[in-house]
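Notes follow the structure.
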Amino acid sequence: MTQKVFPISSARAPAPPHDGRPLVDMLGRGLRDLRISVTDRCNFRCVYCMPREVFDRDFKFVTHDEVLNFEEIARLARLFAGLGVKKIRLTGGEPLVRRDLHRLVALLAAIPGLDLTLTTNGSLLPRQATALAQAGLKRVTVSLDSLDDATFRAVNDADFPVARVIEGIEAAAAAGMAPIKINMVVKRGVNDAHVLAMAERWRGTGQIVRFIEYMDVGSTNGWRMDEVVPSAEIVKAIGARYPLEAADANYTGEVAERWRYRDGAGEIGVISSVTQAFCSTCNRLRLSAEGSLFTCLFAQQGHPLKHLLRRGAADEVIVNEIAAVWRARDDRYSEIRTADTAKQHKIEMSYIGG
Ligand code: SAM
Ligand code: SF4
Ligand code: SF4
C-alpha cells in the first residue's frame, strides 16, 4: 500500500476561552487519561494491528519533521495536567523505537501529580529498561500474545522470539518497575488455547496479565466478530482451574476489569471492549505522534494542535482548543458497533496508540 492511512484533520477557528470549570464532555465524562503516541513506526507487524501487506516498505509513515519533538510533547503534557489529566501513557507504534525516549520520560516525570506509564512490545526493553527507570518511569505494560514461540513469532510477523520479550519484562522488573502489566490480545483460533498457560506463567509473580478482546481498530486488520473471544469465556476458563473473585476498580473509568485469585496468588485483568463496552466512563484522550487529538480509539478524524505549537501560540490558546475539543466530544463507538461500523474507515491503532 502506498497510501497514508490517517485522516485529513480540519483546522478550526480559534476556540472560545476556557472558563476554568472542570472539563466535561457532551456525555458528562471528565478528562483523566492521556495517551501519547510518540511514533507510528514499529519493529513488529502484528497481524491484528499492522498487517505486513499494508504496512509494507512503500507505506508512508509520518516523517520526522512532522512528529512532535520532546519539548513540544512535554509542553502539551503540562497543559493537560493543568486541565485535570492524572495519567499519561506513552505508546505508539512502538514507543521504544523513538530515539532517546528516556529524555522524554525525564521531562514528563518532572510534572507533579502525573502517573506516567508506557506500553511496549518489550523487544527493546532489555537495552533500555535501566535508562527509562533512571529517568523516572515507574511502571510499564508489555504486550505478549503467547508463550508458544511459533505462535508468537507468527502473530508478531517479525519472527521475534518469546524469550526476548520475557528478558525485557525481567529487565524492567530488575530496574524496579512494578507491577508490570502483560497485555495479551486474544484471537479465536490463533492464541485462545494459550490463555491458561499465560495466566499460570505470571500467577504469584506480582505481575498482572490482562486479556484483551480483539478489536476492529483501524481498517486494515480484517476484523470479524467470530474471531473475538469474549472476556467472560476467559474468566470462566481460568477460574475453573484457579478460582477467581471480582475485585473493585482502582478508579472510575479503569479499562480493565480486575479479577483476584482466591488463593492470594495475585490478579488478572480483562478488557472487554467488544462484549461489554465501557464508553459511559471513558475519560481517555489520545495525542498522535504528529500532534492531533483523537477523542476515541475508533475516531475517523483528529483535531490538530501542532500548528498552534509551531506558530508560537500562547498556552491559553492551546488550552482553549483542548477544552473545546473535549467539551464537544460525544464518542461511544463500542456501544454502537455493528458489522457495518466495523468496515468504516477508522484511524489505525499504530497511529494513535492503544
Ligand atoms: N507497540 C506497543 C505494544 O504493542 O505494546 C504499543 C502500541 S500497541 C498499538 C498497544 C496495545 O494495543 C498492545 O497491547 C496491542 O496488543 C494492542 N492492540 C493492537 N491492535 C489491537 C486490536 N486489533 N485489538 C485489541 N488490541 C490491540
Ligand atoms: Fe507494533 Fe504494538 Fe501494533 Fe504489534 S501491537 S504491530 S508491537 S504497535
Ligand atoms: Fe472510549 Fe471510544 Fe473506546 Fe468508547 S469506543 S471506550 S468512547 S475510546
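First listed ligand is number 1; within each ligand, the first listed atom is number 1.
A distance-only check finds a donor-acceptor pair linking the side chain of Gln207 to the backbone of Ile180 [under 3.5 Å]. With hydrogens and angles disregarded, a donor-acceptor distance shorter than 3.5 Å links the side chain of Arg45 to the backbone of Phe55. Not one N or O on the side chain of Glu316 forms a donor-acceptor pair closer than 3.5 Å with the backbone of Pro17. Listed for the Asn191 side chain is a donor-acceptor partner under 3.5 Å among the backbone atoms of Val185. Distance alone, capped at 3.5 Å, places no donor-acceptor pair between the Asn283 side chain and the Gly30 backbone.
Glu71 pairs with exactly one of Arg310, Arg78, Arg103 by the salt bridge (Lys or Arg N to Asp or Glu O under 4.0 Å) rule, that one being Arg103. Between Arg89 and the options Asp33, Asp115, Thr141, a side chain to side chain donor-acceptor pair (under 3.5 Å) holds for only Thr141.
Using a non-hydrogen distance threshold of 4.0 Å, Met215 does not register as a contact of ligand 3. Heavy-atom separations between Ser350 and ligand 1 are all 4.0 Å or longer. Within the structure, ligand 1 has Glu213 among the residues with a heavy atom less than 4.0 angstrom away.
Considering only heavy atoms from C-beta on, Leu285 stays 4.5 Å or farther from Phe294 through its side chain. Counting heavy atoms from C-beta on, the side chains of Arg29 and Thr281 never come closer than 4.5 Å.
Close contacts of ligand 1 with Asn221, meaning ligand atoms under 4.0 Å from a residue heavy atom, involve 23 (N). Listed by atom number, the atoms of ligand 3 under 4.0 Å from Phe298 heavy atoms are 5 (S). Heavy-atom contacts of Arg286 reach the following atoms of ligand 3: 8 (S) (cutoff under 4.0 Å). Within ligand 1, counting atoms from 1 as listed, the ones closer than 4.0 Å to a heavy atom of Asn121 are 2 (C), 3 (C), 5 (O). The Glu94 neighbourhood of ligand 1 comprises atoms 1 (N), 2 (C), with distances under 4.0 Å to a heavy atom of that residue. Near Val217, meaning under 4.0 Å from any of its heavy atoms, are these atoms of ligand 1: 22 (C), 23 (N). Atoms of ligand 2 found under 4.0 Å from any heavy atom of Gly93, numbered from 1 in the order shown, are 8 (S). Residue Gly93 has at least one heavy-atom neighbour below 4.0 Å for each of these atoms of ligand 1: 1 (N), 2 (C), 6 (C), 7 (C).
Considering only non-hydrogen protein atoms, atom 13 (C) of ligand 1 sits nearest to Ser143 OG, 3.3 Å. Among all non-hydrogen protein atoms, the one lying nearest atom 20 (N) of ligand 1 is Tyr48 CD1, 3.2 Å. With hydrogens left out, the protein atom closest to atom 9 (C) of ligand 1 is Met349 CG, 3.6 Å, a heavy atom. Protein heavy atom at the shortest distance from atom 26 (N) of ligand 1 is Val185 CG2, 3.4 Å.
More than 12 non-hydrogen atoms from other residues, nucleotides or ligands lie less than 6.0 angstrom from CZ of Arg52. Environment of CG in Asp226: crowded, with over 12 heavy atoms of neighbouring residues, nucleotides or ligands closer than 6.0 Å. Applying the 6.0 Å contact sphere to CE of Met225 captures more than 12 heavy atoms from other residues, nucleotides or ligands.
Inclusion of Tyr214 in the set of residues having an N or O under 3.5 Å from an N or O of ligand 1 is not warranted. By the 3.5 Å distance cut-off applied to N or O atoms, Met215 is counted among the residues near ligand 1. Checked against a 3.5 angstrom limit, the closest N/O atoms of Thr91 and ligand 1 fall outside it.
Distance OG1/Thr117 to CZ/Arg35: 9.5 Å, rounded to 0.5 Å. Here Phe211 contributes atom CZ and Glu233 contributes atom CD; the two are 12.5 Å apart, rounded to the nearest 0.5 Å. Atom CD1 of residue Ile111 and atom CG of residue Leu108 lie 5.0 Å apart, to the nearest 0.5 angstrom.
Looking at Asn183 against ligand 1, only its side chain comes within 4.0 Å, counting heavy atoms. Within the 4.0 Å heavy-atom criterion, the part of Thr120 lying near ligand 1 is the backbone and not the side chain.
No hydrogens or angles considered: a donor-acceptor pair under 3.5 Å links the side chains of Ser123 and Asn43.
By the 30° and 60° cut-offs, the orientation of the rings of Phe298 relative to Tyr333 is parallel. Between Phe44 and Phe160, the angle of the ring planes lies from 30° to 60°, which puts this pair in the tilted group.
Protein-derived N/O/S atoms nearer than 2.8 Å to atom 4 (Fe) of ligand 2 total 1, waters excluded.
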Please test Asp65 against Thr63 for side chain to side chain donor-acceptor pair (under 3.5 Å), starting from the C-alpha separation and ending with a verdict.
CA-CA 6 Å; Asp65 52 350; Thr63 60; 2.9 Å; yes
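Protein N/O/S atoms found under 2.8 Å from atom 1 (Fe) of ligand 3, listed by chain and residue number: Cys282 SG.
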